[in-house]
Amino acid sequence: LIELGQPEHSVITTCAYCGVGCSFKAEMKGTTVVRMVPHKDGGANEGHSCVKGRFAWGYATHADRQTQPMIRESIDDPWRTVSWEEAITYAATRLRAVQQKYGRGSIGGITSSRCTNEEVYVVQKMIRAAFGNNNVDTCARVCHSPTGYGLKQTFGTSAGTQDFKSVDKSDVILVIGANPTDGHPVFGSRMKKRLRQGAKLIVIDPRRIDLVRSPHVSATHHLQLRPGTNVAAMNALAHVIVTEELVDRNFVADRCDPMEFARWEAFVRDPRHSPENTEQYTGIPAAEMRAAARLYATGGNAAIYYGLGVTEHSQGSTAVMGMANLAMATGNIGRDGVGVNPLRGQNNVQGSCDMGSFPHELTGYRHVSDDVVRQQFEEVWNAALDPEPGLRIPNMFDSAVDGTFMGLFVQGEDIAQSDPNTQHVFAALRAMEIVVVQDLFLNETAAFAHVFLPGTSFLEKDGTFTNAERRINRVRPVMPSKTGKQEWEVVCDLATAMGYPMFYRSGAQIMDEIARLTPTFSGVSFEKLDRVGSVQWPCTDEDSVGTPIMHADGFVREGKASQGRFMITEYVPTEERASRFYPLILTTGRILSHYNVGAQTRRTANVAWHPEDILEVHAHDAEERGIRDGDLVSIASRIGATTLRARISDRMPQGVVYTTFHHPVTGANVVTTENSDWATNCPEYKVTAVQVTLSNHP
Ligand code: SF4
């Protein structure tokens, strides 16, 4: 305050980082941010914030920001700064040239969960209407795509069931594959408050996260399972619930498909799913598993919160369905204090999925092959749309290496750092004839780009983010765009140059079109958000602020209007196994001070608190290898190798090592494999067989 002076005015906007979606007051002097203060009326945070959010604005004005469009013929050439017009014309000409040479389906794009709903919407529209195909995918492919699939199959809606406040009414909290105090700190604090009030905690995680044992909070049960065995654990819990007659028969009879329930009940009743028989896979003592199942089923309101430790597996979608089965079987759905809740990593993962970023779905999760739905879009967009689903991100990479997918538009994502099997991603990007990157910084992906279109930070955007509780929050510009344009304007210019005229006057006008075409958003407008603060979809009429708790009166599955669907969840072990050459299992996660690949937090004060990724190694595994705390170690998988600093830790069981992925130098994804979820291709980041050795290299 002393250095920057007293603020003169303030603007209410939304945090740029995690899926909690905290509301902040940006206190300004002219166009300079003096400080960011958590907004007491913020629906998601009620005046709280974390260290990431408070310092987020630092990256918006960092010297690395690129504000001029740039082009180059080849990735070996130096960048050349050009006008917006020249950059757009150049990008459009090269994208068109690729289509003429290789066909309409040879180009596509990736949307970003860090961008607003309006920005994502226009990118997917450009790809479907101007590129003329459905080759659009989102970075949610590599995080929560199994959530979208699994919850849609069971509950009918690809979203979490509760608002954050709901946890205040929980008696039992089951946290699986998530680390809320680091990944979602404001919600993690709310959860801890409820635990201090007496709620019971079950943690299912290979790592001893802080919630398991921290001041004033400890887990009643920590089921420290082996990485990759979530589904076996879900089935064991279900087996206990069914065989010990803990099923809520009234709920199931009233709310669920009886045939599907009968099939599921017979499946999980099979003794092969008992805690005693699954212990050999999960490593969880049978008595502990039985006690946790009884607590979840009989302890009062029981809520499940989960993260990427569930989804980023070869059976990510199966595990999501397994959790939904548990909630329905025990009647823990459709009211305060219960439910199944994905903790979303990026601020707009929910929104980017809602906005039609998947290659098979238009906005609101409606399939592109649905003639009635497609016709609605065709009329409003004045364009013929392809009824065939397009390519997913991994298929784009594979097709690039095969020489059939040769042009890519990347919106605000660093696929070269964040996607698995880095060398394969590099090969795919190198093979493409045109890569267009729209971003704040020349990130790792931009090293492979031919056109760089500078983006806007959250402090310059005019739009909305949708958080993990389906809450649509306004993102307001607190300073003028450093590029002179909003990102959606640039995308419209590119679509127009490609031959499909696209124009909007404002973010508000884009939202009006979204609301017109998306039933769950039909009651949303900027005017309403400015008036009431935020709304939670489904929000279908002008007077409503939406739906804090889903499935209160019935599930919304198409065709089976109100019945939840139990799904069979056969456990299939991952192909990734520890071996003689790679005897340890690597799993990955986040820390409090950093956000995802660190492109933003590494350019804020946060970097000082955690300047490098660290490999946590169990003392026994370290001793066997002669590794001491602080040593540099080489970590190698069948895919690649990198170097990290080791920390001896008792958080991991013997045989399992752990690291984060916030720094490009150490690049954890150099070693992660091509394995992925059977239903969605979400990468199996959480299980990689590795060897760790003392490194000779500084
Ligand atoms: Fe809130 Fe997440 Fe931002 Fe922290 S990083 S202030 S918890 S939205």
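Values below: every heavy atom of this structure, side chains too, minus hydrogens, waters and symmetry copies. Whatever order the structure lists ligands and atoms in, that order sets their numbers, starting from 1.
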### Query
Of the non-hydrogen atoms in Val172 and Tyr296, which two are nearest, and what is the gap between them?
CG1-CA, 4.3 Å
### Query
Any salt bridge between Arg474 and Asp462, counting N to O under 4.0 Å?
yes
#### Entry: Atoms named by residue and atom, protein N, O or S, within reach of atom 3 (Fe) of ligand 1 (under 2.8 Å)
Cys15 SG
### Task
Please identify each residue that fulfils salt bridge (Lys or Arg N to Asp or Glu O under 4.0 Å) with Glu118, with sequence neighbours left out.
none
### Task
May I ask you to decide whether Arg114 forms a salt bridge with Asp439, counting only side-chain N to carboxylate O separations under 4.0 Å?
no
#### Entry: With sequence neighbours excluded, residues passing ring-ring contact (aromatic ring centres under 6.0 Å, His included) with Phe452
none
### Query
Where on Phe24 is there a heavy atom closer than 4.0 Å to ligand 1, on the side chain, on the backbone, on both, or on neither?
side chain
#### Entry: Test salt bridge (Lys or Arg N to Asp or Glu O under 4.0 Å) applied to Arg190 - qualifying residues, sequence neighbours left out
Glu46, Asp168
